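Below is one structure, written out as structure tokens, with a few remarks after it.
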Amino acid sequence: MTLLRVQTASVRYGRRFALKEVDFTLQAGEIVALLGPSGAGKSTLLSLFDGSVAACSGVVHWQERALLSHPRNARLRAMRRMFQDPLGSLNPEVLVLDSVAGAHESLCGSTKAAARLAACNMLEAVGLVGLGVAQRPSGLSAGQRQRAALARALVTQPQVLLADEPVAALDPLAAAALFQLLRREREQRGMAVVIVVHDPTPVPTLADRYVVLHEGRCVDAGPAAELLRSAHPVTRSLCDMSAA
Ligand code: ADP
Ligand code: MG
């Protein structure tokens, strides 16, 4: 089943194009890694998917209907975003546990007790237990904030996770454990993932496909297993940078 379909979509901030005639589809249950140099348009593409920016031309369909014509709350529950800055996903005034439980309560319509239980389970699954969950985000390390933001995104069991550099503050071992969690959510519930990654190295084991953006255009794409062998110069320079 096609969840997201973007056809020749462009996005402009003022007079500058951040995305130019981008085509993209996301099937249920697939994991797509999004790569590209800084400023390539990766975060903007996630914003196009979740409806927080509009295309100035082209088509964005969610489940075969114009994205913005879907009821907002149902869309928010089905498609969860984890921002590049985890503080963008967490209210600074709210305790982490309440923030994760609050997402469950408001979007799943659950009782306070059920939401708290779901939140505790998800916080444990992302490796955040003990004192951390009773803190405000300012009391957490950058890595703990990323875990908390991921828990808040996953607690509603979304059909699609949009994750913007979700492990940038974590060491490779911790990152691998979170990638495993995403793959488990995919195996168990068929969740689809679009994940922006800085480091191409884990992509072949994490994702099914990759897409490379450069200056607002999709310049390279293919099976994740072939990313590190791509001959495209932009992809090559991303791989060589991470190998250096
Ligand atoms: P990436 O995530 O790949 O680093 P972005 O999608 O954040 O790239 O940005 C793509 C381009 O759009 C960049 O040139 C950036 O400066 C510009 N841009 C992003 N967000 C805004 C904004 N809110 N207003 C104006 N320009 C923006
Ligand atoms: Mg970005």
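Here the structure is a predicted model, which is why all the values come from computation and not from measurement. Remember, it's 1-based here, ligands and their atoms both numbered in the order they're listed.
The two residues Ser52 and Arg81 make their nearest non-hydrogen contact at OG-NH1, 3.7 Å.
Atom 9 (O) of ligand 1 has as its closest protein heavy atom Thr44 OG1, 3.8 Å. Scanning all protein heavy atoms for the shortest distance to atom 8 (O) of ligand 1 gives Gly41 N, 3.2 Å. In this structure, atom 19 (C) of ligand 1 lies nearest to the protein heavy atom Tyr13 CE1, 3.3 Å. For atom 10 (C) of ligand 1, the nearest non-hydrogen atom of the protein is Gly39 O, 3.4 Å.
Linking ILVMFWY residues whenever their side-chain heavy atoms come closer than 4.5 Å, directly or via other members, places Val96 and Leu178 in the same cluster. Follow the hydrophobic side-chain contacts under 4.5 Å out from Met82 and you reach Leu206 in the same cluster. Clustering ILVMFWY residues whenever any of their side-chain heavy atoms sit less than 4.5 angstrom apart, transitively, puts Val126 in a cluster other than the one holding Leu87.
For ligand 1, the atoms sitting less than 4.0 Å from at least one non-hydrogen atom of Ser38 are 4 (O), numbered in the order shown with element in parentheses. In the vicinity of Arg16, heavy-atom distances shorter than 4.0 Å reach the ligand 1 atoms 14 (O).
Put simply, atom 1 (P) of ligand 1 has protein non-hydrogen atoms near it, under 4.0 Å away.
Backbone and side-chain nitrogen or oxygen atoms of Ser43 are examined, and one is located within less than 3.5 angstrom of a nitrogen or oxygen of ligand 1.
Between His70 and Trp62, the ring planes lie perpendicular to each other; the angle is over 60°, past the 30° to 60° tilted range.
Taken from CZ in Arg12 to OG1 in Thr44, the straight-line distance is 14.0 Å, to the nearest 0.5 Å. Here Leu140 contributes atom CG and Leu90 contributes atom CG; the two are 8.0 Å apart, rounded to the nearest 0.5 Å.
Taking the Mg ion (ligand 2) as the apex, the angle formed with OE1 of Gln84 and OG of Ser43 is 80°, to the nearest 10 degrees.
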